[in-house]
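Heads up, the thing below is written out as structure tokens.
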Amino acid sequence: MIFDLVGSLGLFLLGMWLMTEGLKLAGGHALKNLLGQWTSTRLRGLVSGILITALVQSSSAVTVATIGFVNAGLLAFRQALWVVFGSNVGTTFTAWLITLLGFSLKIDALAFPLVGIGAALRVISPYQRGRALGMALAGFGLLFMGIAALTENFSGYAQQINIEVLLTENSHTTLLGLLIGLLLTVLTQSSSAAIAIILTAVASGVAGLDVAAAAVIGANIGTTSTAIIAVIGATPNAKRLAWAHVTFNLITALVALLLLPVFWSLTSVIASMVNVDGNALMSLAIFHTCFNTLGVILMWPLEPRLSVFLLGMYKRGSKQGGELSGLDANVSTIPDVAIKAMTLELQTLAIELGQVALPTSTMQNVNEAQLNSIAERLDAVNQFIALTLKSELTKEQGAQLTAGLSVSHYLQNAYKTYTSAVAIHLLIKQPSSLALQQMSYWLTTVNEFNRGLVHSDTALQRERLTDIIDHYRIVKTQLLAAAVEERIDVETVDAALQVASLSRRFIEQMVQANDALQALASVDAGKSSTSSSLAADRSGVAPQEAAKREKMVG
């Protein structure tokens, strides 16, 4: 029955999903460290992509997550590029896993114990990572159960539906095999699932190697659909990364198709060398690995030119006011990485809000676009934290998210106080008044304090804040006296007093935000030099200056 086949595929996909999600949660800290410390060069990025994909068993998940990391500012474009290229090689591990274990072991010898142990860990483990590992083990077992069910059901159709016989009746065998692989990947949104179906069809005698080889190439092309969907509404760098992924897969597929006879000869030679000649599944796994490795070899000399071309796309032009938040929903599913992204975004927002100057006269204009951008990004941080809270969290992760909410709260208060002060400042008249000139000097002092806030340690900023509050009291007394001594109208004095009070509250909230940001960074043990360079890139300051800022919040 067709429903048995669909059910078998569903069991495989469920196992793949549980395994991928469990490994992402259990290995989130390792994933964060790999991204932070192992992507500084092309080779390291390539190795990281291979290892991460082998870990989570889904190149689509790694590609989507990497796009999210670029969105969030955790990875620069050139770093992420080779992670994605490496993920294409890493996905071949699935074919080897299925070939070596999926068809050679009895299902009850491995799958049922894994499901049992995984379910027990999921229920009784007191630790979040232990529960996540249990989910991954259970998923691993279900994956093999799905393969066994697919094999059994495919065997029933082997004589009724022989794809190879149907295709050899026309001259478009390779093209139709390519389309089958493409459609399987697009429909399941998983190249691993498509590869499993293709391998099962070969093992069951439904399809031959010629068709299967073309279908494997089609599956590689189909995996780009996930990346294209993931970049809808994303940042320019994420869109560039998606096009790099598409380019890599299309070039690799085109060369593999053109050189298909050569590849099969190479596959046969390698199969003979490792004494698996005649094993169709092993030959297909070797073929899959060979043409993905070829893609990396082809892209090594082409990547610099490709990067220059892609970096020229999606220019923002002369748009002012900063970029919208790059926090990505895909990142929120991996708590360790999500917290790092949140910390970096809050650090950047604190720096930018600290650079927003209060107008010292009614003639000054404020950058409305920049203020709107800050407001939208603060809202995006809160939404991102809410998404992250839906994941299972350790006690430490909960503390970090709580600290992040604190920083966001104080920055929101600072922003609202600033906009109120600016609005009331427009009501002030008689700028020639001595008292109002003193207030302008006070606002200048506030702006200078804010600009240097991120560079200061806690003790120093508290000491300076005490001096500024003393200055505020003097300005307040002068403004009250000016109503009588300088004959300033009461409305103007009241407006000036409100501006002085709001500006004082503004810097107090910024100090609170900075304190909370230090607490957040001190809880986060995963500090890396990547944060410094990315903070510099996003805030427009020199790397040395960014390092100082990170040192302050870390």
Heavy-atom donor-acceptor pair, S87 side chain to V84 backbone, under 3.5 Å: yes
Under 3.5 Å donor-acceptor, S373 side chain and A369 backbone: no
Heavy-atom donor-acceptor pair, S265 side chain to P261 backbone, under 3.5 Å: yes
Point-to-point distance, once rounded to the nearest 0.5 Å, from CG of N220 to CG of L250: 10.5 Å
Ring-ring centroid check W96 F93, cutoff 6.0 Å: no
Chi angles and distances behind the side chain to side chain contact (heavy atoms under 4.5 Å, CB included) call for R42, L81: CA-CA 8 Å; R42 295 199 293 179; L81 201 60; over 6 Å; no
T224 side chain to I221 backbone, donor-acceptor under 3.5 Å: yes
Donor-acceptor under 3.5 Å (T343 side chain, I339 main chain): yes
Parallel, tilted or perpendicular: ring planes of H288 versus F291, cut at 30 and 60 degrees: tilted
Set of residues satisfying side chain to side chain contact (heavy atoms under 4.5 Å, CB included) with respect to T267, sequence neighbours excluded: W264, S283, I286, F287
M313 backbone acceptor or donor facing R240 side chain under 3.5 Å: yes
Contacts of F384 that satisfy ring pair (Phe, Tyr, Trp, His ring centres under 6.0 Å) - sequence neighbours left out: none
